[in-house]
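These numbers come from a predicted model, not from an experiment. Counting starts at 1 for both ligands and their atoms, in listed order.
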Amino acid sequence: MNHIHPTPALLPEDMADALLDSLTQQHYCVIDHFIADDVMASLRELALARQQAGAMRQAGTSRAAVTNPDLRADQIAWLDEDDAHPAVRHYFGLLSELQQLLNRQLMMGLDHVETHFAIYPAGSSGYATHIDQFHQHSPGATASSRALTLIIYLNEHWPPEAGGELRLYTGQHAAAPLPEAEHIDIAPLGGRLVLFLSDRFWHAVRPATQARVSVTGWFKTR
Ligand SMILES: O=C(O)CCC(=O)C(=O)O
Ligand SMILES: [Fe+2]
């Protein structure tokens, strides 16, 4: 297993500045190498081990009220803040620093986070265009709303032809935009962080030829 050495500040200052600038200006941000390779490898290993152990289940969508792999092909496993695994502790440490930073600098009023691993199997259709706010919450979660979506990709090798991009629609739309509406495509490169305001961005996961591994979270207000 990988050895993880937490430092007093898990989030370097230049990274924090870039993140704040980008979030302020665009309401989303993409930060490469947000987590170190050893942390990524360790989280990835853990996600795959949970899958092997049968601890992941087919994700659902609230709209369909049932699992429907045509809408959403991923399997998920929720993460517990009390998990003693070093990589999970490191991850929650990062989230906590991030939450404090955003509350201090942008007054976001973030109260807590819910987070899960996600694995889209090789050859998956991805995740249809949606907004995160109206989704089913984790068992036992409160009805408070999702304010900020966070995704960290855990893919060691991801060639462009593998697809699987996160398609983020940059315009504001009352209903799901057409596939080619103004957007950016973000490749799920290992260590990359994506943050966006949960109630603002329609987004989709493009079909992928390889298994696509990530950890996704939502910071919620009270
Ligand atoms: O993995 C991604 O890039 C996005 C996942 C997503 O949209 C979700 O889980 O709600
Ligand atoms: Fe989403």
Legend entry - Asp74 N/O under 3.5 Å from ligand 1 N/O: no
Inset, instruction - List, by chain and then residue number, the residues other than Leu189 in its hydrophobic cluster (Ile/Leu/Val/Met/Phe/Trp/Tyr, side-chain heavy atoms under 4.5 Å); write none if there are no others. - result: Trp158
Inset, instruction - Please assess Arg167 against Glu180 for the test salt bridge (Lys or Arg N to Asp or Glu O under 4.0 Å), listing each intermediate value before the final yes or no. - result: CA-CA 10 Å; Arg167 178 162 291 187; Glu180 295 311 317; 3.3 Å; yes
Inset, instruction - Please find the N/O/S atom of His130 nearest to the Fe ion (ligand 2) and write down its name. - result: NE2
Inset, instruction - Would you check whether His203 has a nitrogen or oxygen atom less than 3.5 angstrom from a nitrogen or oxygen atom of ligand 1? - result: yes
Inset, instruction - Report yes or no: does Trp218 have a heavy atom closer than 4.0 Å to ligand 1? - result: yes
Legend entry - Asp83: salt bridge (Lys or Arg N to Asp or Glu O under 4.0 Å) partners, not counting sequence neighbours: Arg50
Inset, instruction - Consider every N or O of Thr216 and every N or O of ligand 1, then say whether any pair is closer than 3.5 Å. - result: no
Legend entry - His116, any N or O under 3.5 Å of ligand 1 N or O: no
Legend entry - Arg192 to Tyr153 six-membered ring, cation-pi geometry met (6.0 Å, 45°): no
Inset, instruction - Find all atoms of ligand 1 within a distance of less than 4.0 Å from any non-hydrogen atom belonging to Tyr153, and give their numbers and elements. - result: 1 (O), 2 (C), 3 (O)
Inset, instruction - Please state which part of Asp132 comes within less than 4.0 Å of ligand 1, counting heavy atoms only: side chain, backbone, both or neither. - result: side chain
Inset, instruction - Give a rough value, rounded to 10 degrees, for the angle at the Fe ion (ligand 2) between atoms NE2 of His203 and OD1 of Asp132. - result: 90°
Inset, instruction - Answer whether the closest heavy-atom distance between the side chains of Leu20 and Arg104 falls below 4.5 Å. - result: no
Legend entry - Lys220/Asp111 ion pair, N-O < 4.0 Å: no
Inset, instruction - If the plane angle is over 60° it's perpendicular, under 30° parallel, otherwise tilted; pick one for Phe201 and Tyr28. - result: perpendicular
